[in-house]
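Just so we're on the same page: letters track the sequence lines, and every chain starts at 1.
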Protein chains: 2
Amino acid sequence: MAQSNLESTAKHAIYQTLRRSIILGRRAPGTRLNVEELSEEYGTSITPVRDALQMLSQESLVTIQPRSGYFVTRVTLKELRDLLDLREILESAAVERAALRITDEELDALEHVHAGYTGDDDFSYDRYTEENRRFHCLIAQASGNQELTESVGHLHDRLARFMVLRRAGKTMEYTHARIIKALRAHDPTLARQAMVDEIRDAASLILDRVIQTEGSAWELGGVAQPGI
Amino acid sequence: MAQSNLESTAKHAIYQTLRRSIILGRRAPGTRLNVEELSEEYGTSITPVRDALQMLSQESLVTIQPRSGYFVTRVTLKELRDLLDLREILESAAVERAALRITDEELDALEHVHAGYTGDDDFSYDRYTEENRRFHCLIAQASGNQELTESVGHLHDRLARFMVLRRAGKTMEYTHARIIKALRAHDPTLARQAMVDEIRDAASLILDRVIQTEGSAWELGGVAQPGI
DNA sequence: TTATATCACATGATATATCAGATTGCAAGC
DNA sequence: GCTTGCAATCTGATATATCATGTGATATAA
(Lines give C-alpha, C1' and ligand atoms only; values in the text may rest on other atoms or scores of the structure.)
Protein backbone atom coordinates (compact mmCIF):
# COMPACT_ATOMS: atom_id res chain seq x y z
CA MET A 1 0.00 0.00 0.00
CA ALA A 2 1.89 3.04 -1.26
CA GLN A 3 0.14 6.24 -0.35
CA SER A 4 0.72 9.40 1.59
CA ASN A 5 -1.85 10.86 3.96
CA LEU A 6 -4.49 8.40 2.87
CA GLU A 7 -5.79 8.54 6.42
CA SER A 8 -7.80 11.65 5.54
CA THR A 9 -10.14 9.77 3.22
CA ALA A 10 -13.46 8.16 4.06
CA LYS A 11 -12.50 4.98 2.26
CA HIS A 12 -9.56 4.57 4.55
CA ALA A 13 -11.60 5.02 7.72
CA ILE A 14 -14.10 2.43 6.52
CA TYR A 15 -11.31 0.09 5.46
CA GLN A 16 -9.70 0.23 8.89
CA THR A 17 -12.92 -0.27 10.82
CA LEU A 18 -14.13 -3.09 8.64
CA ARG A 19 -10.74 -4.72 8.64
CA ARG A 20 -10.61 -4.69 12.38
CA SER A 21 -14.07 -6.21 12.72
CA ILE A 22 -13.08 -9.05 10.41
CA ILE A 23 -9.77 -9.63 12.14
CA LEU A 24 -11.37 -9.68 15.59
CA GLY A 25 -13.92 -12.19 14.34
CA ARG A 26 -16.98 -9.97 14.71
CA ARG A 27 -17.82 -10.67 11.08
CA ALA A 28 -17.66 -14.42 10.67
CA PRO A 29 -15.96 -16.14 7.73
CA GLY A 30 -18.45 -16.64 4.92
CA THR A 31 -20.61 -13.70 6.02
CA ARG A 32 -22.00 -11.57 3.20
CA LEU A 33 -21.02 -7.90 3.31
CA ASN A 34 -23.74 -5.75 1.81
CA VAL A 35 -22.63 -2.37 0.43
CA GLU A 36 -25.98 -0.67 1.09
CA GLU A 37 -26.01 -1.75 4.74
CA LEU A 38 -22.40 -0.77 5.21
CA SER A 39 -22.93 2.63 3.60
CA GLU A 40 -25.77 3.28 6.06
CA GLU A 41 -23.65 2.04 8.93
CA TYR A 42 -20.79 4.36 8.04
CA GLY A 43 -22.91 7.28 6.91
CA THR A 44 -21.44 7.52 3.40
CA SER A 45 -22.39 6.61 -0.12
CA ILE A 46 -21.49 3.18 -1.44
CA THR A 47 -18.42 4.45 -3.29
CA PRO A 48 -15.93 4.55 -0.41
CA VAL A 49 -17.47 1.33 0.89
CA ARG A 50 -16.69 -0.31 -2.43
CA ASP A 51 -13.19 1.14 -2.34
CA ALA A 52 -12.62 -0.26 1.15
CA LEU A 53 -13.94 -3.67 0.16
CA GLN A 54 -11.63 -3.67 -2.84
CA MET A 55 -8.70 -2.99 -0.56
CA LEU A 56 -9.75 -5.74 1.83
CA SER A 57 -10.12 -8.18 -1.02
CA GLN A 58 -6.54 -7.57 -2.02
CA GLU A 59 -5.54 -8.57 1.48
CA SER A 60 -7.64 -11.70 1.12
CA LEU A 61 -9.81 -10.73 4.07
CA VAL A 62 -12.75 -10.23 1.70
CA THR A 63 -13.69 -12.34 -1.31
CA ILE A 64 -15.46 -10.67 -4.26
CA GLN A 65 -17.99 -12.69 -6.21
CA PRO A 66 -18.37 -10.27 -9.13
CA ARG A 67 -21.92 -9.05 -9.58
CA SER A 68 -23.07 -11.27 -6.78
CA GLY A 69 -21.60 -10.32 -3.46
CA TYR A 70 -18.74 -9.55 -1.13
CA PHE A 71 -17.98 -12.10 1.58
CA VAL A 72 -15.66 -12.37 4.55
CA THR A 73 -13.04 -14.79 3.32
CA ARG A 74 -13.05 -18.30 4.60
CA VAL A 75 -9.68 -19.83 5.18
CA THR A 76 -9.05 -23.50 4.49
CA LEU A 77 -6.94 -25.56 6.80
CA LYS A 78 -4.32 -25.77 4.06
CA GLU A 79 -4.20 -22.01 3.73
CA LEU A 80 -3.87 -21.65 7.47
CA ARG A 81 -0.98 -24.11 7.51
CA ASP A 82 0.66 -22.26 4.64
CA LEU A 83 0.29 -18.95 6.44
CA LEU A 84 1.75 -20.35 9.63
CA ASP A 85 4.69 -21.78 7.70
CA LEU A 86 5.22 -18.45 5.94
CA ARG A 87 5.18 -16.83 9.35
CA GLU A 88 8.01 -19.06 10.45
CA ILE A 89 10.03 -18.25 7.34
CA LEU A 90 9.64 -14.49 7.74
CA GLU A 91 9.93 -14.17 11.48
CA SER A 92 12.89 -16.43 11.94
CA ALA A 93 14.76 -14.43 9.30
CA ALA A 94 13.67 -11.20 10.95
CA VAL A 95 14.82 -12.16 14.43
CA GLU A 96 18.22 -13.35 13.12
CA ARG A 97 18.77 -10.00 11.46
CA ALA A 98 17.49 -8.15 14.52
CA ALA A 99 19.90 -9.99 16.82
CA LEU A 100 22.82 -8.52 14.89
CA ARG A 101 21.72 -4.92 14.98
CA ILE A 102 19.11 -4.28 17.65
CA THR A 103 19.67 -1.18 19.80
CA ASP A 104 19.15 -0.75 23.53
CA GLU A 105 16.20 1.52 22.82
CA GLU A 106 14.58 -1.16 20.72
CA LEU A 107 15.18 -3.76 23.41
CA ASP A 108 13.61 -1.46 26.00
CA ALA A 109 10.62 -1.00 23.74
CA LEU A 110 10.25 -4.79 23.48
CA GLU A 111 10.31 -5.11 27.25
CA HIS A 112 7.52 -2.58 27.65
CA VAL A 113 5.08 -4.06 25.17
CA HIS A 114 3.12 -6.13 27.61
CA ALA A 115 0.70 -4.63 30.10
CA GLY A 116 0.38 -7.89 31.99
CA TYR A 117 -2.05 -10.75 32.38
CA THR A 118 -5.52 -9.61 33.39
CA GLY A 119 -7.60 -12.71 32.84
CA ASP A 120 -9.24 -14.80 30.14
CA ASP A 121 -12.02 -12.49 29.04
CA ASP A 122 -12.45 -11.47 25.41
CA PHE A 123 -11.34 -7.91 26.00
CA SER A 124 -8.06 -9.09 27.51
CA TYR A 125 -7.46 -11.45 24.60
CA ASP A 126 -7.98 -8.68 22.11
CA ARG A 127 -5.26 -6.78 23.95
CA TYR A 128 -2.87 -9.75 24.19
CA THR A 129 -3.27 -10.33 20.45
CA GLU A 130 -2.53 -6.71 19.70
CA GLU A 131 0.48 -6.73 22.04
CA ASN A 132 1.76 -9.90 20.43
CA ARG A 133 1.49 -8.26 17.02
CA ARG A 134 3.32 -5.19 18.26
CA PHE A 135 6.06 -7.29 19.81
CA HIS A 136 6.73 -9.21 16.61
CA CYS A 137 6.55 -6.10 14.44
CA LEU A 138 9.09 -4.35 16.66
CA ILE A 139 11.44 -7.27 16.11
CA ALA A 140 10.91 -7.16 12.37
CA GLN A 141 11.55 -3.43 12.50
CA ALA A 142 14.77 -4.04 14.40
CA SER A 143 15.85 -6.23 11.46
CA GLY A 144 16.27 -3.00 9.51
CA ASN A 145 14.28 -4.31 6.59
CA GLN A 146 11.09 -2.31 6.10
CA GLU A 147 9.66 -4.65 3.48
CA LEU A 148 10.08 -7.54 5.89
CA THR A 149 8.46 -5.50 8.65
CA GLU A 150 5.43 -4.81 6.52
CA SER A 151 5.15 -8.45 5.48
CA VAL A 152 5.22 -9.55 9.11
CA GLY A 153 2.56 -7.00 10.01
CA HIS A 154 0.26 -8.14 7.23
CA LEU A 155 0.76 -11.73 8.20
CA HIS A 156 -0.24 -10.98 11.78
CA ASP A 157 -3.30 -9.18 10.56
CA ARG A 158 -4.36 -12.17 8.52
CA LEU A 159 -3.68 -14.52 11.38
CA ALA A 160 -5.14 -12.36 14.14
CA ARG A 161 -8.50 -14.10 14.22
CA PHE A 162 -6.69 -17.38 14.74
CA MET A 163 -4.16 -16.09 17.24
CA VAL A 164 -6.94 -15.40 19.70
CA LEU A 165 -7.69 -19.12 19.71
CA ARG A 166 -4.35 -19.87 21.29
CA ARG A 167 -5.39 -18.63 24.67
CA ALA A 168 -1.73 -17.83 25.43
CA GLY A 169 -2.38 -14.91 27.76
CA LYS A 170 -0.55 -16.50 30.68
CA THR A 171 2.48 -17.75 28.79
CA MET A 172 3.11 -15.00 26.31
CA GLU A 173 5.42 -12.88 28.45
CA TYR A 174 7.53 -15.89 29.28
CA THR A 175 8.02 -16.96 25.68
CA HIS A 176 8.70 -13.38 24.64
CA ALA A 177 11.23 -12.97 27.45
CA ARG A 178 13.24 -15.85 26.01
CA ILE A 179 13.40 -14.06 22.67
CA ILE A 180 14.37 -10.77 24.30
CA LYS A 181 17.15 -12.46 26.23
CA ALA A 182 18.66 -13.90 23.06
CA LEU A 183 18.37 -10.53 21.35
CA ARG A 184 20.14 -8.83 24.26
CA ALA A 185 22.94 -11.37 23.84
CA HIS A 186 23.03 -10.51 20.11
CA ASP A 187 22.95 -14.23 19.44
CA PRO A 188 21.19 -14.89 16.11
CA THR A 189 21.15 -18.66 16.49
CA LEU A 190 19.62 -18.57 19.95
CA ALA A 191 17.18 -15.87 18.93
CA ARG A 192 16.11 -17.87 15.91
CA GLN A 193 15.59 -21.00 18.00
CA ALA A 194 13.50 -19.15 20.57
CA MET A 195 11.39 -17.62 17.84
CA VAL A 196 10.90 -20.88 15.96
CA ASP A 197 9.91 -22.58 19.21
CA GLU A 198 7.26 -19.95 19.88
CA ILE A 199 5.93 -20.02 16.37
CA ARG A 200 5.73 -23.81 16.21
CA ASP A 201 4.02 -24.00 19.59
CA ALA A 202 1.57 -21.37 18.48
CA ALA A 203 0.94 -23.08 15.15
CA SER A 204 0.33 -26.39 16.82
CA LEU A 205 -2.08 -24.89 19.36
CA ILE A 206 -3.93 -22.90 16.74
CA LEU A 207 -4.37 -25.87 14.42
CA ASP A 208 -5.53 -28.11 17.27
CA ARG A 209 -8.01 -25.50 18.44
CA VAL A 210 -9.30 -24.84 14.96
CA ILE A 211 -9.84 -28.51 14.24
CA GLN A 212 -11.51 -29.11 17.60
CA THR A 213 -13.87 -26.17 17.63
CA GLU A 214 -14.65 -25.74 13.97
CA GLY A 215 -13.76 -29.05 12.45
CA SER A 216 -17.09 -29.59 10.76
CA ALA A 217 -17.08 -26.12 9.22
CA TRP A 218 -13.72 -26.52 7.56
CA GLU A 219 -13.14 -27.44 4.00
CA LEU A 220 -10.24 -29.75 4.58
CA GLY A 221 -7.88 -29.21 1.69
CA GLY A 222 -10.69 -27.97 -0.51
CA VAL A 223 -11.66 -24.60 -1.88
CA ALA A 224 -13.81 -22.75 0.61
CA GLN A 225 -15.12 -19.84 -1.38
CA PRO A 226 -18.76 -18.78 -1.32
CA GLY A 227 -20.80 -20.07 -4.19
CA ILE A 228 -18.47 -22.87 -5.17
CA MET B 1 -6.49 -10.91 -3.93
CA ALA B 2 -9.41 -13.15 -3.08
CA GLN B 3 -11.97 -13.18 -5.84
CA SER B 4 -13.63 -15.54 -8.23
CA ASN B 5 -14.07 -14.79 -11.90
CA LEU B 6 -12.91 -11.23 -11.50
CA GLU B 7 -11.47 -11.47 -15.00
CA SER B 8 -14.89 -10.54 -16.44
CA THR B 9 -14.77 -6.99 -15.07
CA ALA B 10 -13.46 -3.89 -16.79
CA LYS B 11 -11.47 -2.89 -13.72
CA HIS B 12 -9.55 -6.11 -13.92
CA ALA B 13 -8.66 -5.70 -17.58
CA ILE B 14 -7.41 -2.18 -16.90
CA TYR B 15 -5.51 -3.34 -13.83
CA GLN B 16 -3.68 -6.01 -15.78
CA THR B 17 -2.78 -3.78 -18.71
CA LEU B 18 -1.64 -0.92 -16.54
CA ARG B 19 0.28 -3.23 -14.25
CA ARG B 20 2.15 -4.71 -17.14
CA SER B 21 3.08 -1.33 -18.56
CA ILE B 22 4.50 -0.30 -15.20
CA ILE B 23 6.37 -3.54 -14.68
CA LEU B 24 7.87 -3.43 -18.17
CA GLY B 25 8.99 0.13 -17.56
CA ARG B 26 6.82 1.79 -20.17
CA ARG B 27 5.49 4.12 -17.50
CA ALA B 28 8.51 5.52 -15.72
CA PRO B 29 8.79 5.81 -11.93
CA GLY B 30 7.45 9.15 -10.78
CA THR B 31 5.15 9.50 -13.79
CA ARG B 32 1.71 10.93 -13.03
CA LEU B 33 -1.21 8.71 -13.99
CA ASN B 34 -4.22 10.80 -14.94
CA VAL B 35 -7.62 9.13 -14.56
CA GLU B 36 -9.25 11.14 -17.36
CA GLU B 37 -6.55 10.23 -19.84
CA LEU B 38 -6.59 6.60 -18.79
CA SER B 39 -10.38 6.40 -19.05
CA GLU B 40 -10.15 7.73 -22.62
CA GLU B 41 -7.35 5.31 -23.40
CA TYR B 42 -9.35 2.31 -22.14
CA GLY B 43 -12.73 3.51 -23.35
CA THR B 44 -14.44 3.42 -19.95
CA SER B 45 -15.55 5.85 -17.29
CA ILE B 46 -13.13 6.80 -14.56
CA THR B 47 -14.65 4.39 -12.06
CA PRO B 48 -12.96 1.16 -13.15
CA VAL B 49 -9.76 3.18 -13.74
CA ARG B 50 -9.90 4.31 -10.13
CA ASP B 51 -10.55 0.74 -9.03
CA ALA B 52 -7.55 -0.50 -10.97
CA LEU B 53 -5.31 2.24 -9.58
CA GLN B 54 -6.45 1.36 -6.08
CA MET B 55 -5.45 -2.23 -6.67
CA LEU B 56 -2.08 -1.20 -8.06
CA SER B 57 -1.46 1.06 -5.11
CA GLN B 58 -1.94 -1.87 -2.77
CA GLU B 59 0.81 -3.64 -4.64
CA SER B 60 2.97 -0.55 -4.23
CA LEU B 61 3.30 -0.13 -7.98
CA VAL B 62 1.26 3.08 -7.77
CA THR B 63 1.41 5.77 -5.10
CA ILE B 64 -1.75 7.74 -4.28
CA GLN B 65 -1.39 11.37 -3.26
CA PRO B 66 -4.95 11.86 -2.02
CA ARG B 67 -6.78 14.61 -3.92
CA SER B 68 -3.67 15.39 -5.83
CA GLY B 69 -2.60 12.56 -8.08
CA TYR B 70 -1.64 8.98 -8.78
CA PHE B 71 1.98 8.28 -9.58
CA VAL B 72 4.05 5.33 -10.66
CA THR B 73 5.90 4.42 -7.50
CA ARG B 74 9.52 5.34 -7.16
CA VAL B 75 11.67 2.93 -5.29
CA THR B 76 14.49 4.14 -3.06
CA LEU B 77 17.76 2.32 -2.98
CA LYS B 78 16.94 1.23 0.57
CA GLU B 79 13.62 -0.20 -0.52
CA LEU B 80 15.30 -2.03 -3.35
CA ARG B 81 17.82 -3.51 -0.97
CA ASP B 82 15.06 -4.53 1.41
CA LEU B 83 13.13 -6.17 -1.43
CA LEU B 84 16.19 -8.06 -2.59
CA ASP B 85 16.85 -9.24 0.95
CA LEU B 86 13.23 -10.31 1.34
CA ARG B 87 13.60 -12.19 -1.93
CA GLU B 88 16.50 -14.13 -0.48
CA ILE B 89 14.51 -14.98 2.64
CA LEU B 90 11.49 -16.25 0.74
CA GLU B 91 13.20 -18.03 -2.11
CA SER B 92 15.81 -19.82 -0.08
CA ALA B 93 13.05 -21.16 2.16
CA ALA B 94 11.02 -22.11 -0.90
CA VAL B 95 13.81 -24.02 -2.60
CA GLU B 96 14.64 -25.93 0.61
CA ARG B 97 11.05 -27.07 0.91
CA ALA B 98 10.87 -27.85 -2.79
CA ALA B 99 13.98 -30.05 -2.62
CA LEU B 100 12.19 -32.34 -0.18
CA ARG B 101 9.04 -32.83 -2.18
CA ILE B 102 9.49 -31.89 -5.82
CA THR B 103 8.07 -34.36 -8.36
CA ASP B 104 9.56 -35.49 -11.64
CA GLU B 105 6.84 -33.64 -13.49
CA GLU B 106 7.75 -30.44 -11.70
CA LEU B 107 11.43 -30.97 -12.49
CA ASP B 108 10.59 -31.52 -16.14
CA ALA B 109 8.59 -28.31 -16.14
CA LEU B 110 11.58 -26.44 -14.70
CA GLU B 111 13.81 -27.81 -17.44
CA HIS B 112 11.46 -26.60 -20.14
CA VAL B 113 11.04 -23.03 -18.95
CA HIS B 114 13.76 -21.51 -21.05
CA ALA B 115 13.39 -20.97 -24.77
CA GLY B 116 17.08 -20.20 -25.17
CA TYR B 117 19.34 -17.20 -25.64
CA THR B 118 18.36 -15.11 -28.63
CA GLY B 119 20.37 -11.96 -28.14
CA ASP B 120 20.51 -8.75 -26.14
CA ASP B 121 17.56 -6.89 -27.61
CA ASP B 122 14.77 -5.52 -25.42
CA PHE B 123 12.23 -8.05 -26.63
CA SER B 124 14.51 -10.92 -25.65
CA TYR B 125 15.08 -9.41 -22.21
CA ASP B 126 11.39 -9.10 -21.60
CA ARG B 127 11.14 -12.80 -22.34
CA TYR B 128 14.13 -13.77 -20.16
CA THR B 129 12.62 -11.80 -17.28
CA GLU B 130 9.30 -13.54 -17.71
CA GLU B 131 10.97 -16.94 -17.94
CA ASN B 132 13.02 -16.19 -14.82
CA ARG B 133 9.82 -15.30 -12.96
CA ARG B 134 8.16 -18.50 -14.13
CA PHE B 135 11.15 -20.58 -13.11
CA HIS B 136 11.19 -19.18 -9.57
CA CYS B 137 7.43 -19.41 -9.18
CA LEU B 138 7.50 -23.07 -10.22
CA ILE B 139 10.04 -23.71 -7.50
CA ALA B 140 7.92 -21.88 -4.94
CA GLN B 141 4.95 -23.92 -6.10
CA ALA B 142 6.94 -27.11 -5.66
CA SER B 143 7.44 -26.06 -2.04
CA GLY B 144 3.79 -26.93 -1.53
CA ASN B 145 3.06 -23.62 0.18
CA GLN B 146 0.63 -21.53 -1.85
CA GLU B 147 1.03 -18.43 0.31
CA LEU B 148 4.78 -18.59 -0.24
CA THR B 149 4.22 -19.05 -3.97
CA GLU B 150 2.06 -15.95 -4.15
CA SER B 151 4.55 -13.91 -2.13
CA VAL B 152 7.38 -14.94 -4.47
CA GLY B 153 5.26 -14.03 -7.49
CA HIS B 154 4.41 -10.60 -6.13
CA LEU B 155 8.02 -9.98 -5.26
CA HIS B 156 9.09 -10.81 -8.82
CA ASP B 157 6.45 -8.44 -10.14
CA ARG B 158 7.76 -5.63 -8.01
CA LEU B 159 11.33 -6.39 -9.00
CA ALA B 160 10.70 -7.07 -12.68
CA ARG B 161 11.70 -3.61 -13.85
CA PHE B 162 15.01 -4.06 -12.05
CA MET B 163 15.63 -7.63 -13.12
CA VAL B 164 15.93 -6.50 -16.71
CA LEU B 165 18.94 -4.43 -15.69
CA ARG B 166 20.90 -7.55 -14.87
CA ARG B 167 21.48 -8.43 -18.48
CA ALA B 168 21.77 -12.09 -17.47
CA GLY B 169 20.40 -13.55 -20.70
CA LYS B 170 23.52 -15.58 -21.38
CA THR B 171 24.05 -16.93 -17.88
CA MET B 172 20.55 -17.58 -16.70
CA GLU B 173 20.22 -21.13 -17.96
CA TYR B 174 23.51 -22.09 -16.37
CA THR B 175 22.62 -20.73 -12.92
CA HIS B 176 19.18 -22.28 -13.13
CA ALA B 177 20.67 -25.64 -14.14
CA ARG B 178 22.65 -25.67 -10.89
CA ILE B 179 19.45 -25.24 -8.94
CA ILE B 180 17.64 -27.92 -10.93
CA LYS B 181 20.52 -30.35 -10.34
CA ALA B 182 20.31 -29.85 -6.58
CA LEU B 183 16.55 -30.26 -6.68
CA ARG B 184 16.89 -33.50 -8.64
CA ALA B 185 19.22 -34.72 -5.93
CA HIS B 186 16.60 -33.72 -3.32
CA ASP B 187 19.37 -31.96 -1.45
CA PRO B 188 17.93 -28.95 0.44
CA THR B 189 21.30 -27.62 1.56
CA LEU B 190 22.79 -27.68 -1.92
CA ALA B 191 19.60 -26.26 -3.43
CA ARG B 192 19.56 -23.47 -0.91
CA GLN B 193 23.19 -22.62 -1.62
CA ALA B 194 22.66 -22.53 -5.37
CA MET B 195 19.62 -20.31 -4.94
CA VAL B 196 21.32 -17.93 -2.51
CA ASP B 197 24.29 -17.67 -4.90
CA GLU B 198 22.03 -16.73 -7.77
CA ILE B 199 20.04 -14.25 -5.74
CA ARG B 200 23.10 -12.55 -4.28
CA ASP B 201 24.77 -12.32 -7.70
CA ALA B 202 21.59 -10.85 -9.13
CA ALA B 203 21.20 -8.41 -6.24
CA SER B 204 24.77 -7.23 -6.59
CA LEU B 205 24.46 -6.75 -10.36
CA ILE B 206 21.13 -4.97 -10.06
CA LEU B 207 22.36 -2.59 -7.37
CA ASP B 208 25.53 -1.81 -9.33
CA ARG B 209 23.57 -1.20 -12.49
CA VAL B 210 21.01 0.96 -10.74
CA ILE B 211 23.63 3.10 -9.07
CA GLN B 212 25.62 3.48 -12.30
CA THR B 213 22.79 4.32 -14.62
CA GLU B 214 20.42 6.21 -12.38
CA GLY B 215 22.56 7.28 -9.48
CA SER B 216 21.67 10.94 -9.66
CA ALA B 217 17.93 10.19 -9.77
CA TRP B 218 17.97 8.11 -6.64
CA GLU B 219 16.99 9.31 -3.25
CA LEU B 220 19.70 7.50 -1.34
CA GLY B 221 18.13 6.39 1.93
CA GLY B 222 15.49 9.12 1.69
CA VAL B 223 11.80 9.08 0.96
CA ALA B 224 11.21 9.33 -2.76
CA GLN B 225 7.52 10.02 -3.00
CA PRO B 226 6.12 12.68 -5.33
CA GLY B 227 5.49 16.01 -3.72
CA ILE B 228 7.73 15.46 -0.74
C1' DT C 1 -44.01 -35.01 -9.40
C1' DT C 2 -40.06 -33.49 -11.83
C1' DA C 3 -37.62 -30.88 -15.19
C1' DT C 4 -37.14 -26.81 -17.79
C1' DA C 5 -37.96 -22.13 -19.03
C1' DT C 6 -38.98 -17.57 -17.74
C1' DC C 7 -39.34 -13.72 -14.81
C1' DA C 8 -38.34 -10.74 -10.92
C1' DC C 9 -35.30 -9.17 -7.72
C1' DA C 10 -30.87 -8.39 -5.50
C1' DT C 11 -26.60 -6.58 -5.83
C1' DG C 12 -22.19 -5.54 -7.66
C1' DA C 13 -20.18 -2.78 -11.69
C1' DT C 14 -20.05 1.25 -14.10
C1' DA C 15 -21.26 6.08 -15.68
C1' DT C 16 -21.80 10.74 -14.61
C1' DA C 17 -22.10 14.78 -11.73
C1' DT C 18 -20.61 17.24 -7.83
C1' DC C 19 -17.69 18.08 -3.91
C1' DA C 20 -13.31 18.85 -1.45
C1' DG C 21 -8.61 19.49 -0.97
C1' DA C 22 -4.10 20.47 -3.18
C1' DT C 23 -1.42 23.03 -6.33
C1' DT C 24 -0.18 26.80 -9.16
C1' DG C 25 -0.04 31.42 -10.68
C1' DC C 26 -0.52 36.17 -9.91
C1' DA C 27 -0.70 40.40 -7.39
C1' DA C 28 0.34 43.15 -3.48
C1' DG C 29 3.15 44.38 0.32
C1' DC C 30 7.56 44.72 2.56
C1' DG D 1 13.67 40.98 -5.19
C1' DC D 2 11.39 38.11 -2.01
C1' DT D 3 7.48 36.62 0.65
C1' DT D 4 2.74 36.06 1.57
C1' DG D 5 -2.03 35.77 0.54
C1' DC D 6 -5.75 34.96 -2.51
C1' DA D 7 -8.11 33.19 -6.47
C1' DA D 8 -8.38 29.98 -10.13
C1' DT D 9 -7.62 25.54 -11.70
C1' DC D 10 -6.67 20.74 -11.38
C1' DT D 11 -7.71 16.36 -9.92
C1' DG D 12 -8.87 12.79 -6.76
C1' DA D 13 -12.92 11.55 -3.62
C1' DT D 14 -17.51 10.90 -3.13
C1' DA D 15 -22.64 10.82 -4.24
C1' DT D 16 -26.18 9.22 -7.07
C1' DA D 17 -28.25 6.99 -10.95
C1' DT D 18 -28.23 3.39 -14.21
C1' DC D 19 -26.64 -0.91 -16.17
C1' DA D 20 -25.45 -5.87 -16.20
C1' DT D 21 -25.25 -10.25 -14.30
C1' DG D 22 -26.45 -13.95 -11.14
C1' DT D 23 -29.69 -16.22 -8.25
C1' DG D 24 -33.96 -17.74 -6.62
C1' DA D 25 -38.84 -18.15 -7.30
C1' DT D 26 -42.61 -19.24 -10.14
C1' DA D 27 -45.01 -21.06 -14.10
C1' DT D 28 -45.50 -24.49 -17.53
C1' DA D 29 -44.90 -28.79 -19.86
C1' DA D 30 -43.98 -33.64 -19.82
Side-chain angles (χ1 to χ4, degrees), chain A residues 1-19 22 27 30-73 223 225-228, chain B residues 1-18 22 27 30-74 223 225-228:
Chain A
M1 175 114 62
Q3 26 242 335
S4 353
N5 202 33
L6 185 68
E7 287 74 19
S8 61
T9 60
K11 73 181 178 185
H12 186 71
I14 296 167
Y15 160 73
Q16 284 200 316
T17 309
L18 205 39
R19 186 162 176 268
I22 291 169
R27 297 185 193 267
T31 304
R32 176 189 284 274
L33 301 168
N34 179 285
V35 288
E36 302 280 359
E37 288 173 11
L38 290 172
S39 70
E40 284 177 26
E41 186 177 329
Y42 294 114
T44 67
S45 76
I46 68 169
T47 307
V49 170
R50 281 190 72 255
D51 286 346
L53 289 168
Q54 175 61 57
M55 290 155 78
L56 290 166
S57 94
Q58 278 194 274
E59 294 186 348
S60 300
L61 290 177
V62 166
T63 299
I64 303 182
Q65 281 276 82
R67 300 183 177 87
S68 181
Y70 296 89
F71 301 87
V72 177
T73 301
V223 181
Q225 301 300 334
I228 302 184
Chain B
M1 178 114 61
Q3 28 240 337
S4 350
N5 202 36
L6 184 68
E7 287 74 19
S8 60
T9 60
K11 71 183 182 185
H12 187 73
I14 297 167
Y15 160 73
Q16 284 200 317
T17 309
L18 205 39
I22 291 170
R27 296 185 193 264
T31 304
R32 176 188 285 273
L33 300 168
N34 180 285
V35 288
E36 303 281 0
E37 287 172 11
L38 290 173
S39 70
E40 283 176 28
E41 186 177 330
Y42 294 113
T44 66
S45 75
I46 68 168
T47 306
V49 170
R50 282 189 72 254
D51 286 346
L53 290 168
Q54 176 63 56
M55 289 154 78
L56 289 166
S57 95
Q58 280 194 269
E59 294 186 348
S60 302
L61 291 176
V62 167
T63 299
I64 303 181
Q65 281 275 82
R67 300 183 178 88
S68 182
Y70 296 90
F71 300 88
V72 177
T73 301
R74 278 189 165 140
V223 180
Q225 302 299 337
I228 302 186

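Glu37(A) and Tyr42(A) share no side-chain donor-acceptor pair at under 3.5 Å. For Thr63(B) and Thr73(B), the side-chain atoms include at least one donor-acceptor pair closer than 3.5 Å.
In this structure, CZ of Arg32(A) is placed 17 Å from P of dC9(C), rounded to the nearest angstrom. Between the OH atom of Tyr70(A) and the C1' atom of dA10(C) there is a distance of 14 Å, given to the nearest Å. Rounded to whole Å, the distance from CD on Glu40(B) to P on dA15(C) is 13 Å. The separation between Lys11(A) atom NZ and dA20(C) atom C1' is 14 Å, rounded to whole Å. Remark: C1' of dT14(C) and CG of Asp51(A) are 13 Å apart, rounded to the nearest angstrom. Summarising the geometry, the separation between CD1 on Ile64(A) and P on dT14(C) is reported as 10 Å, rounded to the nearest angstrom. One atom, CG of Leu38(A), and another, P of dT14(D), lie 15 Å apart when rounded to the nearest Å. Atom CD of Gln65(B) and atom P of dT23(C) are 7 Å apart (whole Å).
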Between Thr44(B) and Lys11(B), is the side chain to side chain contact (heavy atoms under 4.5 Å, CB included) condition met? List the steps.
CA-CA 9 Å; Thr44(B) 66; Lys11(B) 71 183 182 185; over 6 Å; no
Test side chain to side chain contact (heavy atoms under 4.5 Å, CB included) applied to Phe71(B) and Thr31(B), step by step
CA-CA 5 Å; Phe71(B) 300 88; Thr31(B) 304; over 6 Å; no
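For Ser68(B), the listed nucleotide lying nearest its side chain is dA22(C); candidates were dA13(C), dA22(C), dG12(D). Which of dT11(C), dT14(C), dG12(D) sits closest to the side chain of Asn34(A) comes down to dT11(C).
Taking the side chain as every heavy atom from C-beta outward, Leu33(B) and Val72(B) approach each other to under 4.5 Å. Within the 4.5 Å cutoff, no side-chain heavy atoms of Met55(A) are placed close to those of Met55(B).
Residue contacts shown for Leu33(A) are limited to sugar-phosphate atoms, with no base heavy atom under 4.0 Å away.
Listed by residue number, the members of residues 43-50 of chain B with any heavy atom below 4.0 angstrom from DNA chain D are Arg50(B).
Legend: residues meeting side-chain contact (heavy atoms from CB on, under 4.5 Å) with Glu41(B), ordered by chain and number and at least two apart, are Arg27(B), Leu38(B).
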